S.K.: 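Mind having a look at this structure? Questions to follow.
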Amino acid sequence: RWQTEPKLRMIIKWSIPTFFIVWLIDKVFIHSLYEFDSFVVTVESVLLVSIAMYQLYDLNKDINYSIFRNPKFWVTAAVLLYFAGNLIVFSLGSFILSEKTIASIAWILFHASLNAIAYLLYVVAFICQYRLQKYGWR
């Protein structure tokens with residue numbers, strides 16, 4: 001929704017239903033809903049990391065104010081951190097979780113930590129949005 005370039009907006013707009021169809025086909029015909037699917041989650045991570053990197057590049061062009069005051073930066077940083085951090089973990093997730101070893105505990109802790117950090121960055125985005133609405137770009 002934040003993208004201003006029409007071609008990219010269209011690509012993102014159509015990638016959502018396309019990804020949903022791929023996910024649905026994967027869950028119905030290849031994997032079950034109760035099985036960890038490393039392929040679809042890895043593709044999702046790659047797509048979202050790519051979009052987040054482009055969004056950060058696009059946000060950096062506007063130098064009228066500090067990027068750290070922009071709530072879009074914090075949301076994009078949270079998405080980038082979470083999905084980039086979990087890219088390798090998701091791609092190896094089915095293997096790691098099939099083994100009942102210390103690796104599965106480490107996987108769960110790492111994933112939970114990245115999730116908590118992403119949520120904290122979302123909180124910062126809400127605070128920035130509140131300050132933006134209340135005080136403007138000061």
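As the structure is a computational prediction, the values presented were derived from the model and not from experiment.
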S.K.: Working to the nearest 0.5 Å, report the span between CD of Gln129 and CG of Asn70.
M.R.: 8.5 Å

S.K.: Pick from Leu87, Val79, Leu81, Leu80: which one makes a side chain to side chain contact (heavy atoms under 4.5 Å, CB included) with Phe83?
M.R.: Val79

S.K.: Mind checking ring-ring contact (aromatic ring centres under 6.0 Å, His included) for Tyr57 and listing every partner two or more places apart, or none if nothing turns up?
M.R.: none

S.K.: Taking Tyr130 as the starting point, is it possible to reach Ile67 by hopping between hydrophobic residues whose side chains are less than 4.5 Å apart?
M.R.: no

S.K.: For the pair Thr18 (side chain) and Ser15 (backbone), establish whether a donor and an acceptor sit closer than 3.5 Å, ignoring hydrogens and angles.
M.R.: no

S.K.: Report all side-chain donor-acceptor pairs from residues 109-125 shorter than 3.5 Å, counting only partners two or more places apart or in another chain.
M.R.:
residue, atom, partner, partner atom, Å
His111, NE2, Tyr82, OH, 2.7
Ser113, OG, Leu109, O, 2.8

S.K.: Same cluster for Val22 and Ile25 if Ile/Leu/Val/Met/Phe/Trp/Tyr side chains link at under 4.5 Å?
M.R.: no

S.K.: Assigning hydrophobic clusters by single linkage (Ile, Leu, Val, Met, Phe, Trp, Tyr; side-chain heavy-atom cutoff under 4.5 Å), is Ile21 placed with Val43?
M.R.: yes

S.K.: Can you tell me how far apart CD1 (Ile12) and CD (Gln55) are? Round to the nearest 0.5 Å.
M.R.: 8.0 Å

S.K.: Fit a plane to each ring of Phe73 and Phe68, take the angle between them on a 0 to 90° scale, and name the class: parallel (under 30°), tilted (30 to 60°) or perpendicular (over 60°).
M.R.: perpendicular

S.K.: Residues two or more places apart in sequence or in another chain: which of them pass side-chain contact (heavy atoms from CB on, under 4.5 Å) with Ile11?
M.R.: none

S.K.: For Ile127 and Trp74, what are the C-alpha separation, side-chain angles and deciding distance, and is it a side-chain contact (heavy atoms from CB on, under 4.5 Å)?
M.R.: CA-CA 10 Å; Ile127 292 170; Trp74 294 105; over 6 Å; no

